[in-house]
Amino acid sequence: MGYKSEVRLITMPFSHYSEKARWALDFSGLPYQEDAWLPMLHLLATVPAGGRSVPVLIDGGTVLPDSTDILMHVDRLAPAGRRLLPEGPAERAAVLDLEEYCDRHVGTASRSWIYSEMLSEPWAMGRRLGNGRPPLQKAILPPLMTLVSPGIIRSYRAQPERRDEWARKLRLAFDEIGRRLAASSGPYLVGDRFTAADLTFAALAAPALLPPGHPGMRTPVETAPERVRSLVEELRATPAGRHALRMYTEHRGR
Ligand SMILES: N[C@@H](CCC(=O)N[C@@H](CS)C(=O)NCC(=O)O)C(=O)O
């Protein structure tokens, strides 16, 4: 099966599920074009493609509106040595199980937690998200985040009074990943090499770790509000947090 260079990945630059798909593509070395949209405007690209959320991968006639399907598609096309899913059935099942765990528990909690902390001041959040972005995006993001914040808060149950609940869920998920790391036979979540499990955890934990080296999230932890900084620093110091930061340092080339 050949790979066409007109492969298009529709994203929001700072979306963590988009980062999961983008990292898988970057790791594979396969050529693609990122089509990055700001929140809500992304619907102009995803709805015509037949989806709603980002990421969406369009590869010829194949349209994949889900990060796990994208990762599996990319993995089938990736050259040997650039695969993220092990061949062995037991290891492969362990990786897919962890990927699903992270999709359900890490990605949801990190997103709702950061929004519950930041969206009571959506203008300020828009300014932070604009950090390091082109001037037009920098100008649009504060009013745009102000406009979309009520919908985001509703969709992700990110009301400010829920922030402790989301922080608790995040800590539980990090504890679970820490246990899986301790049980692994090697320095990765499954064995002795980087897999989709490590990538998915690191990408989906990013809103709660603000990892240096993240291509779409350029908010240094030093500039974050005190309460955010405090939990980011706490989670960064856990075994799971240290693991995610190491994955960004060692495996997040572009
Ligand atoms: N299960 C999906 C979840 C993707 C997702 O939640 N994307 C969010 C951004 S991180 C989104 O597009 N939200 C806006 C919307 O649904 O309109 C996947 O893994 O791709």
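Given the structure is predicted, the values throughout are model-derived calculations rather than measurements. One-based numbering along the sequence shown. Whatever order the structure lists ligands and atoms in, that order sets their numbers, starting from 1. All heavy atoms count here, side chains included; hydrogens, waters and symmetry mates do not.
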Going by the order shown, which atoms of ligand 1 are within less than 4.0 Å of some heavy atom of Ser15? 9 (C), 10 (S)
Quick one: look up the protein heavy atom nearest atom 16 (O) of ligand 1 and list residue, atom name and how far away it is. Ser53 CB, 3.6 Å
Donor-acceptor pair, distance only, cut-off 3.5 Å: does the side chain of Asp75 make one with the backbone of Leu84? yes
Tyr156: heavy atom below 4.0 Å from ligand 1, yes or no? yes
Under 4.0 Å from any heavy atom of Pro55, which atoms of ligand 1 are there? 20 (O)
Report, in ascending order of atom number, the atoms of ligand 1 lying under 4.0 Å from any heavy atom of His16. 10 (S)
Answer whether the closest heavy-atom distance between the side chains of Glu91 and Leu85 falls below 4.5 Å. no
Please confirm whether Arg111 approaches ligand 1 to less than 4.0 Å, judged on its heavy atoms. yes
What is the nearest protein non-hydrogen atom to atom 4 (C) of ligand 1, stated with its residue, atom name and distance? Val54 O, 3.3 Å
Please identify each residue that fulfils ring pair (Phe, Tyr, Trp, His ring centres under 6.0 Å) with Tyr156, with sequence neighbours left out. none
Between His214 and Tyr248, is the gap from one ring center to the other below 6.0 Å? yes
Sub-4.5 Å side-chain heavy-atom contact between Arg82 and Leu30: no
Is the backbone of Leu204 close enough, under 3.5 Å, to the side chain of Ser110 for a donor and an acceptor to pair up by distance? yes
Ion pair check, Lys169 and Asp164, cut-off under 4.0 Å: no
Identity and distance of the protein heavy atom lying nearest atom 2 (C) of ligand 1: Asp66 OD1, 3.6 Å
Does any N or O atom in Asp103 lie less than 3.5 angstrom from one in ligand 1, N or O only? no
Applying a strict 4.0 Å limit to heavy atoms, is His42 in contact with ligand 1? yes
What orientation do His251 and Phe194 show, parallel under 30°, tilted 30 to 60°, or perpendicular over 60°? parallel
Has ligand 1 got any nitrogen or oxygen that is less than 3.5 angstrom from a nitrogen or oxygen of Ser67? yes
